[in-house]
Amino acid sequence: MEHRDDLALARRARLVYESARLRRAIVRAWPVPLAAWLAVRLGTSPSHVVVLAIPLAIAAIVLVWRGGVTGRAVAPGLAAGAAPLIAPGLAMDCAVACSASCQTWCATSCVVGGILAGSLIGYRASREGHGGWQFAATAVAIAATTGAMGCAMAGAMGVTGMLIGLAAGAVPVFALVPRRS
Amino acid sequence: MTRLADGDRSAFSTVFTTLRPLLFGFARRLMRDPADAEDAAQQALLAVFEHAHRYDPSRDVAAWALAITAHECNAARRKSRRAEALDDAVAERPAPGADPETVAIDRDLTAAAAEALGSLRTEDAAALSAAWRGERPAIAPAAFRKRVQRATERLRAAWRSRHGTP
């Protein structure tokens with residue numbers, strides 16, 4: 001009888017644990033709607049933003065809920081993704097002021113934003129110790145999706161430039177910064 | 001616990017089997033009634049798992065879990081004291097020397113009030129009991145007034161559903 005009570009209590013405890021983690025994961029995904037709103041405000045088409053924001057929100061919630069190295073990578077990924085998210089919008093204003101072509105400015109800003117985001121992720125991943133590559137890969141994927149919401153306004157060239165920038169920033173920093181054991 | 005806080009589910013059963021006897025034993029030492037102790041320990045164990053993701057690895061697991069248990073035991077004791085106070089209030093008898101009709105009316109009214117009160121949630125009953133006794137609430141006065149107001153509305157509804165007019 002006591003054993004059965006223990007099992008029931010363990011099941012309740014597990015349910016409480018999982019639901020608390022899920023609630024926390026949903027709260028932790030708050031930057032996604034903010035990023036989506038910002039991307040639309042900066043000029044990306046709402047349909048592009050929705051296509052990127054929904055899977056990003058789901059991925060962020062699932063990863064934080066599961067936890068571990070990949071769960072820890074979500075917040076740095078979202079934070080790093082802010083650079084390529086807002087850079088093209090700011091560059092667009094500059095392009096108008098300088099009378100230069102939007103495509104050139106936007107694509108360049110995406111590459112620069114990607115490099116900045118990649119460097120931040122590479123540095124943070126090197127602090128992670130074991131599982132650093134897993135952390136870096138998850139954070140890069142999250143940052144890429146976040147950044148793509150902003151770089152989509154520069155078309156495929158902007159998104160590709162940002163991805164190249166992310167890789168160019170993350171890999172060398174991650175490889176060169178001494179690891180924390 | 002650090003692993004569980006980080007989302008490692010394989011640590012769940014280890015934490016559960018380690019903490020369960022510890023918390024139940026501690027609650028039994030803090031509370032007189034074994035049944036109340038068991039309830040409080042269960043609540044504490046569930047609270048530990050609910051807050052597991054917030055666990056700070058720099059803290060001692062046992063101290064953290066026992067602090068939660070002590071808090072649950074205190075809450076259970078407060079609840080139990082309020083319930084006892086409410087029972088005492090309901091059991092109060094009319095003044096000696098009152099005529100039999102008044103005594104009978106008082107008895108019927110008391111029984112009906114006890115029945116309506118018994119249908120309320122513990123928090124509502126405790127709030128009404130505290131208000132009737134003029135006790136100083138542990139919460140903000142405005143929040144307490146709101147709680148008493150809600151409890152009174154629920155008591156009226158419970159009375160109406162049993163006896164028609166309030």
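These numbers were taken from a predicted model, which means no experiment stands behind them.
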Spell out, yes or no, whether Trp30(A) and Leu85(A) are grouped together once hydrophobic residues are joined by side-chain heavy atoms under 4.5 Å, including indirect joins.
yes
Tell me, side chain or backbone of Ala5(B) under 4.5 Å from chain A's heavy atoms, or both, or neither?
backbone
I'd like to know if Leu22(B) and Met31(B) are part of one continuous hydrophobic network [Ile/Leu/Val/Met/Phe/Trp/Tyr, side-chain heavy atoms within less than 4.5 Å].
yes
Let me check something: do Phe26(B) and Leu19(B) share a hydrophobic cluster, defined by ILVMFWY side-chain heavy atoms less than 4.5 Å apart, either directly or through other members?
yes
Determine, step by step, whether Asp6(B) and Val69(A) satisfy the side-chain contact (heavy atoms from CB on, under 4.5 Å) criterion, reporting the C-alpha distance in whole Å, the side-chain angles of both residues, the deciding distance to 0.1 Å, and the verdict.
CA-CA 8 Å; Asp6(B) 196 33; Val69(A) 177; 5.9 Å; no
On a heavy-atom basis, the closest approach of Phe24(B) and Leu9(A) is CZ-CD2, 4.0 Å
In terms of heavy-atom proximity below 4.5 Å to chain B, should Arg24(A) be classed as side chain, backbone, both, or neither?
side chain
Side-chain contact test, heavy atoms from C-beta onward, threshold under 4.5 Å: evaluate it for Arg21(A) versus Glu50(B) and give yes or no.
no
Closest non-hydrogen atom pair, Tyr17(A) against Gly7(B):
OH-CA, 3.6 Å
Quick check on the hydrophobic clustering: are Ile142(A) and Ile121(A) connected, directly or via other members, by side-chain heavy-atom contacts under 4.5 Å?
no
OH of Tyr123(A): more than 12 outside heavy atoms within 6.0 angstrom?
no
Taking side chain as everything from C-beta outward and backbone as N, CA, C, O, which of these in Leu45(B) sits under 4.5 Å from a heavy atom of chain A? Side chain, backbone, both or neither.
side chain
Please classify the contact between Arg14(A) and chain B as side chain, backbone, both or neither, with a heavy-atom cut-off of under 4.5 Å.
both
For the student: nearest non-hydrogen atoms of Ala10(A) and Phe12(B), plus distance:
O-CZ, 3.5 Å
Within one Ile-Leu-Val-Met-Phe-Trp-Tyr cluster: Leu4(B) and Val16(A), side-chain cutoff 4.5 Å
yes
